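To find a chain, count down the sequence lines: A is the first, B the second, and so on, and within it residues start at 1. Fair warning: this is a prediction, and the values are worked out from it, not measured in the lab.
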Amino acid sequence: MELHRRHDWDLTPAEAVALQRRLAAEVVADRPLDLAGVRLVAGVDVSVKDGRSRAAVVVATFPDFRVVETVTAIRPTPFPYVPGLLSFREGPVLEEAFGRLAASPDVFLFDGMGTAHPRRIGIASHMGLWLERPTVGVGKTRLCGRHGPLPEEKGAHVPLVDRGETIGAVVRTRTGKNPLFISPGHLADIPGAVALVLACAPKYRLPEPIRLAHKAAGDF
DNA sequence: GCGACAG
DNA sequence: ATCTTGTCGC
């Protein structure tokens, strides 16, 4: 039942889409994510420079964000950026980084979508299947879906809907600033993902773990 | 056919 | 994502 989980990353766009359609059926996006049980949170990010992708995974304590582990990996960037296929560009280098992780984070925060994706399998969901751990997608801009008016106040959030299905939420982490597009990756749910992100962003627009990973990955 | 389009 | 200095505002 998990035979095709460890798949090849070297696929054509058409093959990648076909694979996403198969894997999407295994994504669990309705499992309650209880913040009371969260002790360690990981932030994941990838930066691209001169044809090389650098991945960083930073594990921090929750809710005070003290760094307990940082792992990185560098590889040639294997795939062009294609909306909807980000996993195939950042997946390989992330797998390498995850393989070096010693800690066991209770949840991983990704720079990108979870189920808020055309086929409901953004990078947070895809890597979640590999990690077999709760994951949450944190997008800075919208990939798909629509939403109603969002209050300007920090903490405000409204449903993100696509083709009649609620796929995530648009969340304001900072009053007056652009919102974040939150969605469960795998083994999490929308309410839990929103609560976790808000708890991880007490001072800045982006969740603290993601900011830490940004730094470790080399982008400033 | 015409837009939209994570990082 | 990345290319890039100074600058407006709290």
Side-chain angles (χ1 to χ4, degrees), chain A residues 9 13-14 16-17 19-20 23-24 27 29 43-58 72-97 108-129 135-147 152-154 160-163 165-186 188 190 193-194 197 202-207 209-220:
Chain A
W9 285 112
V17 169
L19 174 61
Q20 288 185 320
L23 295 180
V27 174
V44 181
D45 186 50
V46 174
S47 66
V48 178
K49 179 81 169 181
D50 300 321
R52 312 219 87 209
S53 291
R54 169 194 288 262
V57 180
V58 177
T72 59
I74 300 180
R75 279 200 174 193
T77 303
F79 205 84
Y81 168 67
V82 178
L85 299 181
L86 185 63
S87 305
F88 300 87
R89 178 178 171 80
E90 306 190 339
V93 72
L94 283 177
E95 265 195 4
E96 188 172 320
F108 291 76
L109 290 181
F110 285 77
D111 207 325
M113 305 305 182
T115 56
H117 176 283
R119 290 171 291 283
R120 311 294 183 257
I121 181 161
I123 192 164
S125 302
H126 198 146
M127 298 316 290
L129 291 176
T135 60
V136 168
V138 180
K140 295 184 287 296
T141 58
R142 184 189 70 88
L143 172 60
C144 66
R146 303 192 53 172
H147 65 87
E152 293 294 315
E153 294 68 40
K154 174 198 324 178
L160 179 62
V161 180
D162 185 44
R163 286 148 38 191
E165 179 182 2
T166 295
I167 57 177
V170 185
V171 183
R172 193 86 73 178
T173 52
R174 296 293 289 164
T175 298
K177 307 210 80 175
N178 294 155
L180 258 25
F181 294 78
I182 307 305
S183 56
H186 182 49
I190 295 176
V194 170
V197 167
K203 189 173 171 57
Y204 300 100
R205 179 189 176 230
L206 293 178
I210 296 284
R211 299 185 75 248
L212 292 167
H214 268 315
K215 280 192 180 183
D219 30 305
F220 294 176

Interatomic spacing from CG in Leu86(A) to CG in Leu143(A) - rounded to 0.5 Å: 9.5 Å

message: Give the residues of residues 81-92 of chain A touching DNA chain B, defined as any heavy atom closer than 4.0 Å, sorted by residue number.
response: Tyr81(A), Pro83(A), Gly84(A), Leu85(A), Leu86(A), Arg89(A), Glu90(A)

message: Do Met127(A) and Phe108(A) have side chains that approach each other closer than 4.5 Å (heavy atoms only, starting at C-beta)?
response: no

message: For a 4.5 angstrom cut-off between non-hydrogen side-chain atoms, does Thr77(A) reach Arg89(A)?
response: yes

- prompt: Reading DNA chain B 5' to 3', which nucleotide is the first, and which the last, to come under 4.0 Å of any heavy atom in chain A?
  reply: dA4(B) to dG7(B)

query: Which residues pass the side chain to side chain contact (heavy atoms under 4.5 Å, CB included) test with Glu165(A), sequence neighbours left out?
result: Arg120(A), Ile167(A)

query: Should the pair Lys140(A)-Asp111(A) be classified as a salt bridge under the 4.0 Å nitrogen-to-oxygen rule?
result: yes

message: When you compare the side chain of Pro207(A) with that of Leu180(A), does any pair of heavy atoms fall below 4.5 Å?
response: yes

Using the 3.5 Å cut-off, write out each protein N or O paired with an N or O of nucleotides 3-10 of chain C and the distance between them.
| residue | atom | partner | partner atom | Å |
| --- | --- | --- | --- | --- |
| dC3(C) | OP1 | Lys49(A) | NZ | 2.9 |

- line: Here the helical stems involving DNA chain B, each at least 3 consecutive Watson-Crick or G-U pairs closer than 3.5 Å, sorted by first residue number, are none

message: For Arg119(A) and Leu23(A): C-alpha separation, side-chain torsions, deciding distance, then whether side-chain contact (heavy atoms from CB on, under 4.5 Å) applies.
response: CA-CA 10 Å; Arg119(A) 290 171 291 283; Leu23(A) 295 180; over 6 Å; no

- line: Here the gap from Leu109(A) atom CG to Ile210(A) atom CD1, rounded to the nearest 0.5 Å, amounts to 5.0 Å

query: Phe88(A) vs Phe79(A) aromatic rings, parallel, tilted or perpendicular, using cut-offs 30° and 60°?
result: tilted

Polar side-chain atom of Arg146(A) near backbone of Leu160(A) as donor-acceptor pair, under 3.5 Å: no

- request: Using a heavy-atom cut-off of under 4.0 Å over every strand shown, decide if Gly139(A) touches base, sugar-phosphate, or nothing.
  value: sugar-phosphate

query: Any side-chain heavy atom of Glu152(A) within less than 4.5 Å of one from Arg172(A)?
result: yes

field: Partners meeting side chain to side chain contact (heavy atoms under 4.5 Å, CB included) with Ser125(A) (sequence neighbours left out)
entry: Val27(A), Thr115(A), Ile121(A)

message: In this structure, how many angstroms lie between the C1' atom of dA1(C) and the NE2 atom of His214(A), rounded?
response: 10 Å

query: Do His186(A) side-chain atoms and His126(A) backbone N/O form a donor-acceptor pair below 3.5 Å?
result: no

